[in-house]
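Here's the structure we're looking at; comments come further down.
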2 protein chains.
Amino acid sequence: MAERRQRESTGFLIKQRAFLKLYIITNIENGRWYGLQLLDELKKEFKPFGFEPQHSEIYRALHELEDDEQILTKMKVKQDGAKRKEIVVYKIKDSEKAKAYKKLVKADLERCEQLLRKAIRDNFP
Amino acid sequence: MAERRQRESTGFLIKQRAFLKLYIITNIENGRWYGLQLLDELKKEFKPFGFEPQHSEIYRALHELEDDEQILTKMKVKQDGAKRKEIVVYKIKDSEKAKAYKKLVKADLERCEQLLRKAIRDNFP
DNA sequence: CCATGAACAGACTGTTCATTC
DNA sequence: GAATGAACAGTCTGTTCATGG
């Protein structure tokens with residue numbers, strides 16, 4: 001089971017999903033995080049670049065990193081303080097797979113960067 | 001009439017359509033071109049970057065540059081030689097609008113490039 | 001086969017709704 | 001309101017089909 005999408009159709013630019021997954025892994029490598037917390041952080045990061053990710057994309061990315069890529073595991077924990085709300089906290093489950101995934105995305109990011117630079121060169125001499 | 005799409009939803013990366021439109025304008029600024037000819041040229045250009053545009057995207061881009069952006073006009077011409085096949089050749093109709101469009105896309109390309117560079121910086125120290 | 005175009009279908013993502021604290 | 005999740009809807013794009021030389 002668990003065979004899912006495989007990208008590389010005609011290969012234009014990287015998809016938002018993969019881009020967010022990369023950031024999520026890196027953040028979780030440095031500590032525990034849960035969904036809305038990641039959303040706030042990433043919104044803050046990308047706001048200056050006119051990009052504002054949505055909460056559903058973050059959750060989809062987290063679910064795929066757990067179910068498809070098998071890179072993360074989740075834990076439900078009671079929030080600190082008086083509140084008895086459960087939140088879903090993620091941590092790295094397989095750091096080798098995490099490393100491999102990041103390597104893949106890095107290559108794609110560099111490819112995309114070159115494509116954009118080429119477009120600027122070719123069209124604005 | 002003729003009110004159509006306006007991008008900037010949450011603003012991740014530039015869309016393939018806009019990217020191709022830019023190249024199409026630049027190519028047509030330097031002479032007459034028709035659809036499949038542009039397709040061949042652009043496939044050749046982007047092949048080394050793992051990107052291979054499809055013919056329907058080229059046609060959609062051309063149609064929008066004519067109908068929506070009002071930057072191009074088309075002419076049907078008989079192909080040279082013995083063949084009596086008509087092909088659809090485009091030329092610039094409004095070079096001011098072309099210039100303005102390219103300026104817009106340039107800004108977006110630069111924004112995207114910065115976003116990618118940031119991702120490389122942030123995740124691969 | 002070349003050339004243009006439209007129709008159809010699927011993938012990706014944004015908006016909304018549902019549920020629980 | 002915070003948090004998670006799923007359902008729904010729309011857009012973008014790839015594949016296929018249709019037409020004509």
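In the text below, chain A, chain B and the rest are named by the order of the sequence lines, each starting its count at 1.
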Residue pair A:Q70 / A:K97, side-chain donor-acceptor N/O under 3.5 Å: no

Describe the nucleic acid contact of A:Y34 in one word from base, sugar-phosphate, nothing, applying a heavy-atom distance below 4.0 Å. sugar-phosphate

Distance in angstrom units between A:W33 CH2 and D:dA3 P, rounded: 13 Å

Is the A:F46 ring parallel, tilted or perpendicular to the A:Y23 ring (thresholds 30°, 60°)? perpendicular

Could you give the CG-to-P distance, from A:D67 to D:dG5, as a whole number of Å? 10 Å

Tell me: CD1 of B:I14 to P of D:dC12, nearest whole Å? 12 Å

Atom-to-atom span, CD of A:E52 to P of C:dG14 - whole angstrom: 10 Å

Any side-chain N or O of A:H55 below 4.0 angstrom from OP1/OP2 of D:dA3? no

Take the protein atom CD of A:E64 and the nucleotide atom C1' of C:dA11, then report the distance between them rounded to whole Å. 11 Å

How long is the line joining CG of A:L39 and P of D:dT4, in whole Å? 10 Å

Could you state the CD-C1' distance from A:E86 to D:dT4, rounded to the nearest angstrom? 11 Å

Of the options D:dA3, C:dC12, C:dT4, whose atoms approach the side-chain atoms of A:I87 most closely? D:dA3

Note: A:E110-A:K106 ion pair, threshold 4.0 Å (strictly below): yes

Geometric class of the B:H63/B:Y59 ring pair [parallel <30°, tilted 30-60°, perpendicular >60°]: parallel

Whether the side chain of B:S56 and the base of D:dT15 hold a donor-acceptor pair under 3.5 Å is what I'd like checked. yes

Counting side-chain heavy atoms from CB outward, which of C:dG5, D:dT15, C:dC12 is closest to B:Q54? D:dT15

Closest to the A:L36 side chain, choosing from C:dC2, D:dC12, D:dT4: D:dT4

Under-3.5 Å donor-acceptor pair between A:R60 side chain and C:dG14 base: yes

Which nucleotide sits closest to the side chain of A:H63: D:dA6, C:dT4, C:dT13? D:dA6

Between C:dC2 and B:Q37, is there an OP1 or OP2 to side-chain N/O distance shorter than 4.0 Å? no

Can you see if the side chain of A:Y59 gets near the phosphate of D:dT4 - specifically, an N or O under 4.0 Å from OP1 or OP2? yes

Please say whether the positively charged group of A:K102, taken as NZ for Lys or CZ for Arg, lies over the ring of B:F124, i.e. under 6.0 angstrom from the six-membered ring centre and within 45 degrees of the axis. yes

Whole angstrom value for the distance that separates C1' of C:dA11 from CD of B:E57: 14 Å

